[in-house]
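What follows is one structure encoded as structure tokens, with my remarks underneath.
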Amino acid sequence: MATTAPVAALPTPGLVPRRARVWDPVVRIFHWTVAGGVIANLTFLRHAESPHIYVGYAVITALIVRLVWGLLARNHARFASFVPGPRQLVTYFAAMLAKREPRYVGHNPAGAAMIVLLLVLLATVGTTGWMMGLDTFWGVSWVETLHEVTANVLVGAVALHVLGAIVESVRHRENLPLAMITGYKRAAEGTDIDNAPIAG
């Protein structure tokens with residue numbers, strides 16, 4: 001017998017929804033450091049060699065910290081709490097197409113898959129950028145090409161990430177960019193899903 005995904009819960013009008021602390025300082029600092037660094041290096045610092053390199057190192061340092069934190073942290077920052085398996089991802093996409101996807105307090109499966117993709121792209125761009133400064137790989141065309149192509153793919157992935165945040169903000173009546181500043185989101189209610197519940 002087929003099951004239907006639950007309709008996402010909306011806050012009750014007239015009531016102040018409970019808040020939950022979801023994004024810790026490490027996650028928020030990482031997010032905005034990477035956002036600023038990527039925007040800078042792909043726009044006005046794209047051809048400014050020294051600043052481009054220094055900003056790249058800052059982004060890679062933030063990435064390494066986030067990867068370690070994703071293994072050691074508790075709750076929503078921990079990779080094990082939100083990285084979806086294939087079946088979970090397919091189920092969520094099907095619910096999205098039916099406009100019946102549940103609200104997640106942390107990353108929903110689609111958002112989590114995008115986070116994994118962004119981390120891989122950042123690691124590839126950063127690693128190839130570092131390689132380009134080594135004598136061994138200086139002027140090696142495949143390294144330069146991989147760096148450039150991956151950076152362009154990263155631009156597209158970031159655009160999809162931003163679009164997804166806007167769509168989900170509208171769908172669930174919750175300002176997700178603001179949540180990444182304050183660290184707080186609306187606590188789970190009704191059919192909402194919280195993979196890493198913590199005290200608000």
Side-chain angles (χ1 to χ4, degrees), residues 1-11 17-24 26-28 30-31 34-35 38 63-127 149-150 152-177 179-180 183-200:
M1 180 178 178
T3 58
T4 303
V7 178
L10 298 177
R18 293 184 303 109
R19 296 196 314 165
R21 184 174 177 273
V22 178
W23 308 127
D24 62 44
V26 173
V27 171
R28 302 199 312 271
F30 163 77
H31 181 277
V34 169
V38 167
L63 175 62
I64 292 171
V65 171
R66 180 64 183 96
L67 291 175
V68 173
W69 190 238
L71 298 174
L72 301 179
R74 297 181 177 181
N75 307 311
H76 298 91
R78 192 177 183 89
F79 294 138
S81 74
F82 67 83
V83 175
R87 180 176 298 180
Q88 184 184 9
L89 192 57
V90 169
T91 299
Y92 184 80
F93 278 132
M96 280 182 63
L97 291 174
K99 295 184 178 181
R100 296 179 65 85
E101 76 277 13
R103 171 184 173 266
Y104 279 71
V105 175
H107 289 301
N108 63 49
M114 177 56 74
I115 296 303
V116 172
L117 174 61
L118 289 171
L119 294 177
V120 171
L121 291 172
L122 284 169
T124 304
V125 172
T127 301
V149 169
T150 308
N152 290 332
V153 174
L154 179 61
V155 171
V158 168
L160 286 176
H161 175 63
V162 172
L163 178 61
I166 293 172
V167 170
E168 286 299 292
S169 293
V170 173
R171 286 276 296 132
H172 299 297
R173 300 181 185 179
E174 183 170 46
N175 190 328
L176 296 184
M180 190 53 72
Y184 286 89
K185 293 181 69 177
R186 193 171 73 247
E189 302 176 311
T191 58
D192 292 348
I193 295 175
D194 190 347
N195 287 342
I198 55 177

Task: Leu118 side chain near Val158 side chain, heavy-atom distance below 4.5 Å - done: yes
Open item on the list: Rounded to the nearest 0.5 Å, what separates atom CZ in Arg66 from atom CG in Leu71?
Closed with: 9.0 Å
Open item on the list: Would you call the rings of Tyr92 and Tyr104 parallel, tilted or perpendicular, taking 30° and 60° as the class edges?
Closed with: perpendicular
Open item on the list: What's the separation between atom CD1 in Ile166 and atom NE2 in His161, rounded to the nearest 0.5 Å?
Closed with: 10.5 Å
TODO: Using modelled atom types only, decide if a donor and an acceptor are shared between the side chain of Glu174 and the backbone of Arg186 within a distance under 3.5 Å.
DONE: yes
Open item on the list: Do Glu101 and His172 make a side-chain contact, defined as non-hydrogen atoms from C-beta onward lying under 4.5 Å apart?
Closed with: yes
TODO: Starting from the C-alpha separation in whole Å, work towards a yes-or-no answer on side chain to side chain contact (heavy atoms under 4.5 Å, CB included) for Leu122 and Leu154.
DONE: CA-CA 7 Å; Leu122 284 169; Leu154 179 61; 3.9 Å; yes
Task: Heavy-atom pair with the smallest gap, counting every atom of Val22 and Gly106 - done: CG1-CA, 4.2 Å
- [ ] May I ask you to decide if Ala73's main-chain N or O and Arg78's side chain share a donor-acceptor pair within less than 3.5 Å?
- [x] yes
Task: side-chain hydrogen bond (donor to acceptor under 3.5 Å, both in side chains), paired with Arg103, selected from Asp194, Asp192, Asn108 - done: Asp192
TODO: Work out which heavy atom in Leu121 is nearest to a heavy atom in Ala157; give both atom names and the distance.
DONE: CD1-CB, 3.8 Å
Task: Closest non-hydrogen atom pair, Trp69 against Val26 - done: CD1-CG1, 3.4 Å
Open item on the list: Pairing donors with acceptors under 3.5 angstrom, does anything connect the side chains of His76 and Asp24?
Closed with: no
TODO: Measure across Lys185 and Trp23 and return the closest heavy-atom pair with its distance rounded to 0.1 Å.
DONE: CD-NE1, 4.0 Å
Open item on the list: Keeping Thr150 on the side-chain end and Val125 on the backbone end, is there a donor-acceptor pair under 3.5 Å?
Closed with: no
TODO: Compare every heavy atom of Phe82 with every heavy atom of Ile115, then report the nearest pair and how far apart it is.
DONE: CG2-CE1, 4.4 Å
- [ ] Working to the nearest 0.5 Å, report the span between OG1 of Thr91 and CE of Met96.
- [x] 13.0 Å
- [ ] Return the minimal non-hydrogen interatomic distance between Pro109 and Pro84, and the atom names on each side.
- [x] O-CG, 3.6 Å
